[in-house]
Each structure stands twice: as structure tokens, then as C-alpha cells.
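Below is one structure, written out as C-alpha cells; the observations come after it.
Just so it is clear, the structure is predicted and the values come from calculations on it, not from any experiment. For ligands, and for the atoms within them, numbers begin at 1 and follow the listed sequence. The basis for the numbers below is simple: all heavy atoms, side chains too, and nothing from hydrogens, waters or symmetry mates.
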Amino acid sequence: MKEVKVLDRQFSEYLTSDEIQGRISALAEKINEDLKGQDVLFFGILNGSFLFAADLFRQITLEAQISFIKLASYDGTSSTGKIKELIGWNEDITGKTVVVLEDIVDTGSTLERIIGELTLRKATAVKICTLLFKPEAYTKEIPIDYIGFEIPNSFVVGYGLDYDGYGRNLNSIYKLIK
Ligand code: IMP
């Protein structure tokens, strides 16, 4: 089993590059079929989704656009503490089918924040596509339309996903062992 060290932690290979790419091709094929004839705007959620978004979008044959948004955390003054601000919204999404591209859906808080914003801005339809999904950690009701892999509730790195900022450039996805 291939192992890598990222900072102080040891990880073992969990999904190979070939497995990831194979699944992305299948997702792209399904999206191309489902959204045929629609005005589609893909939204990659930075930073983690940049590789997934690039590899998927290359295989989209629809007349489509892509843009990226980022959720930045900062300590707010409200009682809830952390506030997440969305950066990078420039597009008019009225009348468009929006496909949100996530690297991983864990608790679903990020997703909920984004969906709220899209609803306010009057997208015609919103679809969610995530490479990885942790069903045991998910606390929301929002249905996820396209899932690459359902994974157990453990920490993963690689293919865009980071551990403390590192490990994003690994071609496979690795699971924490210690
Ligand atoms: P959520 O808001 O709890 O669904 O978390 C989503 C975000 O948490 C992702 O976009 C990742 O940035 C981060 N995240 C969640 N699980 C992992 C993991 O296993 N490895 C790396 N990042 C993760």
C-alpha cells in the first residue's frame, strides 16, 4: 500500500488517480446527458475543488461557463463567532442552471451557505456535484445530485484536498492513518 507523509501525519493511498479520473468521466457523461440544452454555469468552490473542476469541465460538452467562488472565514463580532463570507460573485445567474462543484461534502455547512446565496440570486435550477461525500458526517437535508465517491468519516488529502495547506498536489487521494 502506497504511503505518504504530509507535514507530521502519515497517509495511505485510498483512491488512485485512475479511479478518480474514471469516476470523473462518468460524472461528466451524466451531467452532459441530464443538462442538455440548458444554459449552465459551473461554480467551483475554492480552494479544494480546483483540480476536480478542471478535470470535469474539460469533459463537459454542453455550452457552459465556469467560475470560482471562495468562502473565507473570519472572526466576526456576532455571538455566533465565525462568519463565512463569499468572495468572487460577479456573474448574473438569473435564468441559469448552476452546478456547484465541491471537492468534499462533510457536514454540509459550506453547501448550505452557498445554496442559500444561489436561491437569493434566482438561479433557475441548482445542482450539486461533489467528488467526495461523507454520509456519516452529513447533517443537512439538501439532496446531492452527483457524487463521485461516498467515503467513511475519516480525514483525506490529495487531488486538491489539503492538510493544513499541504498535500493538494498529490494525484491520488490518501486517508489518514496516524
Ligand atoms: P463542510 O462544510 O463540513 O461540508 O466541509 C467542507 C469543507 O471542509 C471542504 O470543502 C474541505 O475544505 C474541508 N474538509 C472536510 N473534510 C475534509 C477532509 O477529509 N480533508 C480535507 N478537507 C476536508
Please could you name the atoms of ligand 1 that [X] approaches to less than 4.0 Å, counting only its heavy atoms?
X    : result
E102 : 10 (O)
L161 : 21 (C), 22 (N)
T110 : 1 (P), 2 (O), 5 (O), 6 (C)
D162 : 21 (C)
K134 : 16 (N), 17 (C), 18 (C), 19 (O)

Practice task
To the nearest 0.5 angstrom, please state how far the OG1 atom of T110 sits from the NZ atom of K140.
Solution key: 9.5 Å
Problem - Gap between atom CG of L46 and atom CD1 of I69 - 0.5 Å precision - result: 8.5 Å
Problem - Lys/Arg-Asp/Glu bridge criterion (N-O < 4.0 Å) met for R113, E117 - result: yes
Problem - Protein contact for atom 2 (O) of ligand 1 (heavy atom, distance under 4.0 Å) - result: yes
Practice task
Check whether any side-chain N or O of R23 sits under 3.5 Å from a backbone N or O of L131 as a donor-acceptor pair, and report yes or no.
Solution key: no
Quick test: of every protein heavy atom, which one is nearest to [atom], and how far off is it to 0.1 Å?
atom                    : result
atom 20 (N) of ligand 1 : V156 O, 2.6 Å
atom 5 (O) of ligand 1  : D106 CB, 3.6 Å
atom 12 (O) of ligand 1 : D103 OD2, 4.1 Å

Problem - Residues L111, I144; criterion side-chain contact (heavy atoms from CB on, under 4.5 Å); working and verdict - result: CA-CA 10 Å; L111 197 58; I144 301 177; 4.3 Å; yes
With a 4.0 Å cut-off on heavy atoms, does [X] reach ligand 1?
X    : value
L111 : no
I104 : yes
E112 : no
G48  : no

Exercise for the section: Report the part of I45 in contact with ligand 1, treating N, CA, C, O as backbone and CB onward as side chain, heavy atoms under 4.0 Å; options are side chain, backbone, both, neither. Expected result: neither
Handout entry: Polar side chain donor-acceptor pair, T94 to D92, under 3.5 angstrom
Key = yes
